[in-house]
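Just below is one structure, and these are the notes that go with it.
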Amino acid sequence: MNDGKLHRFEASVAGIAVPERLNDPFEYAPHPLAAMAAEQVRTYVASQSQWHDELQRGKMLGVLVVRHQGDGTLGFLAAYSGNLAGSNSHAYFVPPVYDLLAPDGEFKRGEAEISAINALIAQRQQSPTLASARVALQQAEEEKAMAIDAHKRMMSEAKARREAMRSQGGLSAEQERALIGESQFQKAELKRLRQHHEANVAEKKAAVDGLLSEITALKAKRKSMSEALQERIFRLFVVNNALGERIDLMEVFARFYGENPTLQASAIPPSGAGECCAPKLLQYAFSHGLTPLCMAEFWWGDSPAKEIRHHGHYYGACLPKCRPILWHMLRGTHIEPRQHARPVAQAEDIIIYEDEWLVVANKPAGMLTVPGRLHDDSLQSRLSQHLGMALKAVHRLDMSTSGIVILAKDEHTYSALQADFASRKVHKRYTAVLDGIVGAKEGTIDLPLRANVDDRPRQMVDHDHGKRAITRYEVIENTPDGRTRIAFFPLTGRTHQLRVHASHCAGLGCPIVGDMLYGRASTRLMLHAEAITFTHPTTKEKIHLEAKAEF
């Protein structure tokens with residue numbers, strides 16, 4: 001094992017079973033070998049003081065445990081997302097799929113050409129000629145306004161004099177014709193004055209527009225060059241898989257969305273595609289006779305202001321950039337089934353209330369509330385089939401969240417209950433276990449949320465564009481193992497509201513146990529909709545139902 005990128009385990013791995021299949025990179029609890037590798041990487045990174053400030057601002061790091069196909073040696077590879085210290089070349093980490101920072105590479109040459117266009121645009125925008133033309137245009141517009149305003153005041157004064165003369169009476173026909181002629185002349189003069197100044201303004205504006213059109217043309221050229229460069233670069237990102245297939249990212253994304261049209265966003269790879277940890281690690285392994293065994297990615301440093309990242313926590317690969325790439329790269333590799341297999345639940349076992357208008361069920365964790373784009377199985381479809389009628393879920397729980405859901409048997413019940421949810425007349429209580437200690441006994445979290453369009457289905461805090469989300473909480477107990485059992489009372493119903501409010505640093509800063517999107521993986525997401533109180537839309541009876549959490 002002479003490969004400098006392939007690291008030995010410093011601690012003994014004797015007695016640790018080697019996984020038979022690679023873990024799903026999007027949803028996993030780290031294997032003990034991956035956790036050991038990650039700890040070695042943390043120790044190494046902490047020793048590199050020259051990177052301290054950059055890493056403290058936040059960086060995703062990753063490990064891939066591998067077996068050498070030649071001598072059977074066990075070891076691991078390490079990677080970082082993007083670049084580090086302005087470089088893609090560091091002895092400890094695997095190289096990029098394609099080095100964007102190579103001085104004589106396609107990206108740097110294209111970047112230099114675009115930079116030259118940027119310099120021309122800046123030069124044109126700051127040129128004295130454009131500044132003078134803009135001043136001349138402004139002066140012409142001001143002169144037009146002043147001249148027309150002065151002429152209108154003169155006309156108003158002249159009109160007042162004519163009206164005064166007429167009010168005194170005794171005007172001859174010739175005098176009356178003179179007054180009319182004066183009025184007509186002044187109106188014609190106003191028209192000529194307006195035309196004169198408008199022509200002057202148009203001339204000055206044409207001069208400005210002519211100069212701006214050069215800038216617009218340069219910007220259009222820059223956009224075209226940037227798009228062409230991006231495509232050329234993605235053609236240079238050629239990724240491997242275990243079957244020996246090598247294709248570039250343009251082809252990867254085209255094939256992926258061609259076979260998965262319901263997921264279609266854009267077949268053009270997003271910026272940064274191919275620069276994450278997972279593609280780097282797998283590329284190196286497949287190119288150097290190394291068999292992937294298990295992998296993990298973890299965050300180092302401060303959390304971004306809007307997204308949720310906790311220092312040292314493990315996260316799945318990002319969907320927009322990595323899902324199409326790993327779809328290709330993992331072909332021919334045996335992958336473990338996802339941690340949360342779909343539950344097998346009998347419909348009669350999960351119904352906790354039913355009458356002729358509605359059904360209330362205790363949804364298992366891992367089951368969709370309603371059918372999804374790729375999966376028909378759901379609480380709604382199972383209960384509809386069981387009862388022999390079309391039910392409609394009045395509200396939803398995340399797939400990973402268990403607990404109480406109301407389903408309507410008719411449109412009137414559905415609409416009435418939805419209106420009650422919208423007007424906050426329905427009261428819900430959730431029970432959760434948090435990964436950390438919450439000091440305050442109770443409180444309210446008010447953090448606006450919106451979808452993270454670059455990393456769906458994750459949500460993010462956004463004070464400028466997010467929708468208001470409010471959650472009241474009461475701590476039930478702090479446990480000796482450093483966890484908090486808590487009751488949540490959501491006052492709004494945003495997607496992932498409780499999960500983000502629990503995990504975000506401006507909320508409680510303690511992710512829900514088992515939250516693979518915002519915290520650490522575990523056997524399940526420990527979030528359960530435990531109680532609901534609502535007014536029956538037909539009987540007007542106040543109904544309170546509870547279903548205790550299994551955790």
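Excluded from the calculations below are hydrogen atoms, water molecules and symmetry mates; all remaining heavy atoms, backbone and side chain alike, are included.
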Item to check | Leu100 and Ile233: CA distance, side-chain angles, deciding distance, side-chain contact (heavy atoms from CB on, under 4.5 Å) verdict | outcome: CA-CA 8 Å; Leu100 293 171; Ile233 293 303; 3.4 Å; yes
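- Using a 4.5 Å cut-off on side-chain heavy atoms (C-beta onward), Leu130 and Leu212 make contact.
- Ring geometry for Phe256 versus Trp327: interplanar angle over 60°, hence perpendicular rather than tilted (30 to 60°).
- Judged purely by atom type and a 3.5 angstrom limit, Asp248 has no side-chain atom pairing as donor or acceptor with the backbone of Val239.
- At least one donor-acceptor pair under 3.5 Å links the side chain of His288 to the backbone N or O of Tyr284.
- Using bins of under 30°, 30° to 60° and over 60° for the plane-to-plane angle, the ring pair His90/Phe93 lands in the perpendicular bin.
- Closest approach of Pro19 to Leu293, counting heavy atoms only: CG-O, 3.4 Å.
- Ser303 places a side-chain N or O within 3.5 Å of a backbone atom of Glu307 that can act as its donor or acceptor partner.
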Next on the checklist: Before you tell me yes or no, could you show the steps for Phe9 and Phe76 under ring-ring contact (aromatic ring centres under 6.0 Å, His included), namely the whole-Å CA-CA distance, both residues' side-chain angles and the distance that decides it to 0.1 Å?
Outcome noted: CA-CA 8 Å; Phe9 285 97; Phe76 69 89; 5.4 Å; yes
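- Looking at His465 and Arg450, their side chains never bring a donor and an acceptor atom within 3.5 Å of each other.
- At distances below 3.5 Å, at least one donor-acceptor pair connects side-chain atoms of Gln40 with backbone N or O atoms of Glu10.
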Item to check | Check against side-chain contact (heavy atoms from CB on, under 4.5 Å), Ser503 and Cys510 | outcome: CA-CA 5 Å; Ser503 56; Cys510 298; over 6 Å; no
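- The 12-atom threshold is exceeded at CZ of Arg124, counting heavy atoms of other residues, nucleotides or ligands nearer than 6.0 Å.
- Between Glu259 and Arg255 there is no salt bridge, since no side-chain nitrogen of the basic residue lies less than 4.0 Å from a carboxylate oxygen of the acidic one.
- Geometrically, Arg323 does not engage Phe26 in a cation-pi contact defined by less than 6.0 Å to the ring centre and at most 45° from the axis.
- Between Trp299 and His311, a ring centre-to-centre spacing not shorter than 6.0 Å is recorded.
- Checking side-chain atoms of Lys59 against main-chain N and O of Asn83 turns up a donor-acceptor pair under 3.5 Å.
- For the residue pair Gln139 / Glu143, no side-chain donor-acceptor distance below 3.5 Å is found, with atom types taken as modelled.
- Separation of atoms CG (Asn240) and CG (Leu282) is listed at 10.0 Å; rounding is to 0.5 Å.
- Pairing each heavy atom of Tyr28 with each of Ala296, the nearest pair is OH-CA, 3.5 Å.
- In summary, Arg331 and Glu245 engage in a salt bridge, as defined by a charged side-chain N under 4.0 Å from a carboxylate O.
- Annotation: the span from Glu227 atom CD to Ile268 atom CD1 amounts to 9.0 Å, rounded to 0.5 Å.
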Checklist entry - Does the pair Leu290 and Gln69 meet the rule for a side-chain contact (heavy atoms from CB on, under 4.5 Å), with working shown? => result CA-CA 6 Å; Leu290 304 172; Gln69 294 172 4; 5.8 Å; no
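- For the atom pair CG (Asn241) and CE (Met329), the distance works out to 8.0 Å, reported to the nearest 0.5 Å.
- Considering only heavy atoms from C-beta on, Asp446 comes within 4.5 Å of Arg468 through its side chain.
- Checked by atom type, the side-chain pair Ser213/Thr216 shows no donor-acceptor distance below 3.5 Å.
- Side-chain atoms of Ser287 come within 3.5 Å of backbone atoms of Gln283 as a donor-acceptor pair (strictly under, hydrogens ignored).
- Minimum heavy-atom separation, Ala469 to Arg494: CB-CG, 3.6 Å.
- The shortest side-chain heavy-atom distance between Leu498 and Pro490 falls under the 4.5 Å cut-off.
- A donor-acceptor pair shorter than 3.5 Å can be found between the side chains of Tyr518 and His496.
- Annotation: Lys205, atom NZ; neighbour count of heavy atoms from other residues, nucleotides and ligands within 6.0 Å does not exceed 12.
- Inspection of the Asn88 and Asp99 side chains reveals an N or O donor paired with an N or O acceptor under 3.5 Å.
- Atom CE of Met250 sits about 12.0 Å away from atom CG of Leu236, to the nearest 0.5 Å.
- Under a 3.5 Å cut-off, the side chain of His501 and the backbone N or O of Ile470 do not form any donor-acceptor pair.
- Side-chain contact between Val500 and Leu447 is absent, with no heavy atoms from C-beta onward closer than 4.5 Å.
- Proximity of Leu330 to Ile335: side-chain heavy atoms (C-beta onward) are separated by under 4.5 Å at one or more points.
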Checklist entry - Checking side chain to side chain donor-acceptor pair (under 3.5 Å) for the pair Arg21/Thr333: CA distance, chi angles, key distance, verdict? => result CA-CA 8 Å; Arg21 297 185 175 191; Thr333 301; over 6 Å; no
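- Here the straight-line distance linking atom CD of Gln230 with atom CG of Leu249 works out to 10.5 Å at 0.5 Å rounding.
- Annotation: cation-pi geometry satisfied between Lys280 and Tyr80 (NZ/CZ under 6.0 angstrom from ring centroid, within 45° of ring axis).
- The shortest side-chain heavy-atom distance between Phe286 and Pro292 falls under the 4.5 Å cut-off.
- For Arg109 and Glu113, the salt-bridge test fails: no basic side-chain N is under 4.0 Å from an acidic carboxylate O.
- Between Ile445 atom CD1 and Leu508 atom CG the span is 3.5 Å, to the nearest 0.5 Å.
- The ring of Tyr44 has its center closer than 6.0 angstrom to the ring center of Tyr92.
- Each of Met399, Gln380, Lys363, His395 was compared with Thr369 under the side chain to side chain contact (heavy atoms under 4.5 Å, CB included) criterion, and only Lys363 meets it.
- Of the possible polar contacts, one joining the Arg524 side chain to the Leu527 backbone as a donor-acceptor pair under 3.5 Å is found.
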Item to check | Audit row: Thr471, Thr444, side-chain contact (heavy atoms from CB on, under 4.5 Å) steps and yes/no | outcome: CA-CA 6 Å; Thr471 304; Thr444 300; over 6 Å; no
Checklist entry - Does the pair Asp435 and Arg520 meet the rule for a salt bridge (Lys or Arg N to Asp or Glu O under 4.0 Å), with working shown? => result CA-CA 8 Å; Asp435 189 3; Arg520 307 178 202 257; 2.7 Å; yes
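- Between the side chain of Glu336 and the main chain of Glu20, no donor-acceptor pair closer than 3.5 Å is present.
- Between the side chains of Asp302 and Gln56, at least one donor N or O sits under 3.5 Å from an acceptor N or O.
- Side-chain contact annotation: Gln459 with Thr495, donor-acceptor N/O pair under 3.5 Å absent.
- Between the side chain of Ser115 and the backbone N or O of Glu111 there is at least one donor-acceptor pair closer than 3.5 Å.
- In plain terms, the two heavy atoms of Pro324 and Lys321 that are nearest each other are CD-O, 4.0 Å.
- Remark: Arg499 engages Asp398 in a salt bridge, criterion side-chain N to carboxylate O under 4.0 Å.
- Using a 3.5 Å distance cut-off with no hydrogens or angles, the side chains of Thr492 and Gln497 do pair a donor with an acceptor.
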Item to check | Steps toward salt bridge (Lys or Arg N to Asp or Glu O under 4.0 Å) verdict (Lys144, Glu141) | outcome: CA-CA 5 Å; Lys144 171 188 170 183; Glu141 290 173 337; over 6 Å; no
